[in-house]
S.K.: 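The structure is given below, and queries will be raised subsequently.
For clarity, every value in this text was computed on a predicted model and none was experimentally measured. We count ligands from 1, going down the list as the structure has it; atoms in each ligand are counted the same way.
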Amino acid sequence: MKIGFIGLGNMGSPMATNLAKSGHDVQGFDLSAPVPEGVNGAASAAEAAQDADVVITMLPNGTILRTVAAEVLSVMRPGAVLCDCSTVDVDSARSVAEQARAAGMAALDAPVSGGVGGATAGTLTFMVGGPEAAFQTVAPLFEVMGQKAVHCGDAGAGQAAKICNNMILGVTMAVTCEAFALADKLGLDRARMFDVVSTSSGYSWSMNAYCPAPGVGPQSPADNDYKPGFAADLMLKDLRLSQQAAQSVNADTPMGARATALYAQFVETEDGSGRDFSALLPRFVGRARS
Ligand code: NAD
């Protein structure tokens with residue numbers, strides 16, 4: 001396929017590389033990041049998008065997505081698909097889908113889970129919202145870049161799935177970290193705590209697959225001095241998107257709101273920025289009850 005790829009940052013670069021390696025003709029564009037080997041450099045987003053069967057975007061936020069989408073939709077050929085893999089607000093995803101429909105094209109919101117490791121290994125999970133036919137068009141590309149793609153529903157459903165998942169993740173990581181810190185103070189050995197909880201009703205991905213305690217459970221960023229992994233800043237971004245969405249549909253999300261406030265404090269007024277999101281554990285250990 002002819003693919004336009006816009007946004008060649010930490011995630012976009014390895015995703016575009018994998019598409020090029022699998023034999024697709026990829027035209028890439030980024031405002032500042034270098035074009036990876038195997039990908040042809042375009043002079044603008046519009047140049048990368050014209051003639052493409054599928055245009056993929058991997059951008060920082062919804063405002064930038066809206067700007068780029070307006071630029072590329074004006075030059076994309078009829079029938080082509082705009083597939084946004086960024087994590088953005090549900091409203092931006094729906095607005096871009098509407099712009100695409102009005103211009104005679106289809107758009108998918110297809111945010112990912114799996115991080116830079118998953119992008120590099122081609123093992124991302126895609127959560128996809130938008131028309132079935134467009135999903136089928138892009139499915140072979142999801143197969144190259146990932147191990148699983150779930151068609152979640154209409155426009156915005158992919159972003160909805162992503163922020164609900166990450167709201168659960170933010171809350172479970174926070175409570176797993178505070179439980180370890182409590183266990184420390186109660187004199188409970190961390191390895192014993194892991195043995196019990198990982199096989200009891202407190203288990204979760206945060207405990208079992210990404211244990212925030214160094215030297216306990218599987219290898220995780222805790223074993224690498226909390227270098228990300230998944231940065232606390234990105235968790236804060238996703239939690240804020242969950243609260244923005246909850247506000248827009250009048251949903252009561254007290255735990256999500258609390259996790260958002262906690263990560264905001266950690267990232268913006270403490271030492272959380274640039275650290276893995278599981279670094280809440282040393283934070284709790286160093287604090288008294290407030
Ligand atoms: P990044 O900042 O490394 O990459 C974004 C790229 O977009 C940058 O290279 C930037 O120069 C480029 N860009 C910005 N405006 C542009 C424009 N107008 N035209 C062309 N390029 C432009 O970010 P990332 O880590 O690659 O994340 C991208 C998206 O994926 C975000 O929405 C993020 O929330 C999501 N995401 C990231 C991860 C992760 O672990 N990094 C995991 C899941 C989802």
Side-chain angles (χ1 to χ4, degrees), residues 4-18 26-36 39 41-49 52 55-75 82-90 92-93 96 108-128 142 145-149 158-159 161-167 169-170 173 205 210 220-221 226-242 244-245 263 267 273-278:
F5 205 113
I6 299 156
L8 300 166
N10 293 324
M11 295 291 289
S13 178
M15 290 164 73
T17 299
N18 285 337
V26 186
Q27 310 289 318
F29 175 72
D30 192 290
L31 281 183
S32 55
V35 177
V39 174
S44 65
E47 189 182 298
V55 175
I56 299 176
T57 48
M58 197 53 172
L59 298 164
N61 60 50
T63 309
I64 294 173
L65 168 66
R66 286 177 194 240
T67 310
V68 170
E71 191 183 337
V72 299
L73 284 168
S74 65
V75 299
L82 174 59
C83 177
D84 176 48
C85 295
S86 330
T87 305
V88 302
D89 56 290
V90 175
S92 291
V96 166
L108 297 173
D109 50 292
V112 301
S113 135
V116 176
T120 306
T123 55
L124 295 169
T125 295
F126 290 85
M127 302 147 235
V128 189
F142 292 144
M145 297 184 286
Q147 61 183 357
K148 186 167 183 177
Q159 297 296 349
K162 167 86 187 175
I163 58 176
C164 287
N165 180 73
N166 280 21
M167 188 172 80
L169 177 61
M173 181 54 82
W205 186 87
Y210 204 96
S220 70
Y226 296 99
K227 290 194 182 68
F230 185 48
D233 316 61
L234 285 174
M235 175 47 82
L236 176 58
K237 171 191 170 180
D238 292 357
L239 284 167
R240 284 198 163 129
L241 290 175
S242 77
Q244 192 180 335
Y263 274 101
V267 167
S273 182
R275 303 184 81 194
D276 189 74
F277 82 121
S278 62

S.K.: Asp89: what forms a side-chain contact (heavy atoms from CB on, under 4.5 Å) with it, not counting sequence neighbours?
M.R.: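 side-chain contact (heavy atoms from CB on, under 4.5 Å) list for Asp89, sorted by chain: Arg66, Asp91, Ser92, Leu241, Gln244.
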S.K.: If the condition is side-chain hydrogen bond (donor to acceptor under 3.5 Å, both in side chains), which residues does Thr57 pass it with, not counting sequence neighbours?
M.R.: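 Per chain and number, Thr57 pairs via side-chain hydrogen bond (donor to acceptor under 3.5 Å, both in side chains) with Asp84.
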S.K.: To the nearest 0.5 Å, how far apart are CG in Asp276 and CG in Leu234?
M.R.: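 If I round to the nearest 0.5 Å, the distance is 10.0 Å.
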S.K.: Taking only heavy atoms of the protein into account, state which residues are under 4.0 angstrom from an atom of ligand 1, in chain and number order.
M.R.: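 Answer by chain and number: Ile6, Gly7, Gly9, Asn10, Met11, Phe29, Asp30, Leu31, Ser32, Ala33, Met58, Leu59, Pro60, Ile64, Val68, Ser86, Thr87, Val112, Gly115, Val116, Lys162, Leu234, Lys237.
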S.K.: Tell me every residue that passes side-chain contact (heavy atoms from CB on, under 4.5 Å) with Thr67, counting only those two or more places apart in sequence or in another chain.
M.R.: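 Partners of Thr67 by the side-chain contact (heavy atoms from CB on, under 4.5 Å) criterion come out as none, since no residue qualifies.
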S.K.: Whether the side chain of Gln27 engages the backbone of Ile6 through a donor-acceptor N/O pair (distance < 3.5 Å, no angle test) should be reported.
M.R.: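 The answer is no, because no donor-acceptor pair under 3.5 Å joins these two groups.
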S.K.: Using only atom types and a distance under 3.5 Å, with no angle test, would you say the side chain of Asp238 pairs donor to acceptor with the backbone of Ile163?
M.R.: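 A pair under 3.5 Å: no.
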